[in-house]
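All of these numbers come straight from a predicted model, not from anything done at the bench. Below, chain A is the first sequence line, B the second, and so on; all start at residue 1.
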Number of protein chains: 2
Amino acid sequence: MQHCCKFMDIFSKKNIRPTTFRKEIVSIFEAKDHAITTKEIEEALGKHDRITLYRTLKLFIENGVIHEITLPNEEKTYALCEEECADGEHQHEHLHFKCEVCERIYCIELPQAPQFDLKNFIVKSMEINLRGICDHCN
Amino acid sequence: MQHCCKFMDIFSKKNIRPTTFRKEIVSIFEAKDHAITTKEIEEALGKHDRITLYRTLKLFIENGVIHEITLPNEEKTYALCEEECADGEHQHEHLHFKCEVCERIYCIELPQAPQFDLKNFIVKSMEINLRGICDHCN
DNA sequence: ACTTAAATGCAACACTGTTGCAAATTTATG
DNA sequence: CATAAATTTGCAACAGTGTTGCATTTAAGT
């Protein structure tokens, strides 16, 4: 598999054992250009164990391999993180965009994080979720 | 109760029957300056029916009385909407701020919505969630 | 007051996610 | 390469959150 090096990169940096199952999960993420639900992962997996999947997702989130996207009234989705994300600290300069036509959620990198001037509030991280129509459906 | 007019305002505008239970729920929201979880509502309610609460929250969300705030790894919270919110279309020019000290989630009104220039994406609504330390705890 | 429509309360259920434990897999060591 | 130690996996059982159907109660209109 040409992917081995890539997996090793992801896993060895985070000190995660590169098991067959985990490699499969990463492959599924890499095959998509948008965030996916556990349902979509389970469909891609075929026969599998539900509990191991939950544990794997949790581990990946804690180690900055993927991040969780929660929008009101939507199922949770997950997407691969960029390199910079480390152990549970997801410092993304990106936003999430939910297309109301194709219903997909995309991660979009921002050239710079927007600034919010909130007098005495100290902002440590932010999350921006947009809804509308994506470039593909437009 | 001096609140009657206020309830009538909220309920009649949205075509919601002002039942005892619903008025109680609104009172609970009005007594707090931050977003609350169903757990907090249930504690404030005392003896009550779980199902009716869920149905009431759903109705309130659909009719723009309250909005739901979902942050990754957090319980859902709910807060009263501003006047402008109508039937399920929550067009807030505000953001949500989770304080990592007091752990409360506050709604903060913005003077203007931030602009995101995403070429061919059409942005119809946005949601901004910040984390950090609130003015009170700072 | 009476009729109609909507809201409530209860039981049962569905979905999402977790915990404990035994079996299997991976990694490190000789 | 074989073996031992540690981690991961799969299963069973469970917990929390939210929903549906239905009978009873409450509110609204005449």
Just N and O in the side chain of Thr37(A): are any of them under 4.0 Å from OP1 or OP2 of dT16(C)? no

In this structure, how many angstroms lie between the P atom of dA27(D) and the CZ atom of Arg22(B), rounded? 11 Å

When the distance from CG of Asp49(A) to C1' of dT18(C) is rounded to whole Å, what number comes out? 13 Å

Verify same cluster id: Ile66(B), Ile69(B) (apolar side-chain graph, 4.5 Å): no

Minimum-distance nucleotide (side-chain atoms of Thr52(A) versus dA28(D), dT9(D), dT19(D)): dT9(D)

How many Å lie between CG on Leu53(B) and C1' on dT19(D), as a whole number? 14 Å

Interatomic distance where CZ belongs to Phe60(B) and C1' belongs to dG18(D) [whole Å]: 18 Å

Taking NZ from Lys76(A) and C1' from dT18(C), how many angstroms apart are they, rounded to a whole number? 12 Å

Kindly say if Lys39(A) contacts the phosphate of dC15(C), meaning a side-chain N or O under 4.0 Å from OP1 or OP2. no

5' precedence on DNA chain C between Lys47(B) and Asn15(B) (nearest-nucleotide basis): Asn15(B)

Can you find a heavy atom in the side chain of Thr19(B) that is under 4.5 Å from one in the side chain of Thr56(B)? no

Between Thr19(A) and dT9(D), is there a contact of a side-chain N or O with OP1 or OP2 at under 4.0 Å? yes

Just how far, in rounded Å, is P of dG9(C) from NE2 of His48(B)? 10 Å

Hey, is the side chain of Arg55(B) pairing donor to acceptor with the base of dG9(C) inside 3.5 Å? yes

Of the nucleotides dT16(C), dT26(C), dG17(C), which one has an atom closest to the side chain of Glu75(A)? dT16(C)

Distance in angstrom units between Lys58(B) NZ and dA7(C) C1', rounded: 15 Å

His67(A) vs Cys107(A) side-chain heavy atoms within contact, under 4.5 Å: yes

Indicate the ring-plane relationship of Phe11(B) and Phe60(B), choosing parallel, tilted or perpendicular according to the 30° and 60° boundaries. tilted

If you check every side-chain atom of Phe21(B), which of dT8(C), dA5(C), dT27(C) has the closest atom? dT8(C)

Would you mind reading off the distance between Phe11(A) atom CZ and dT8(D) atom P, rounded to a whole angstrom? 11 Å

I'd like to know if Arg50(A) reaches the base of dG17(C) with its side chain, counting only an N/O donor and acceptor under 3.5 Å. yes

Quick one: which of dT8(C), dC11(D), dG17(C) gets closest to the side chain of Ile51(A)? dC11(D)

What I'd like to find out is whether the side chain of Lys98(B) reaches to under 4.5 Å of the side chain of Glu103(B), using heavy atoms alone. yes

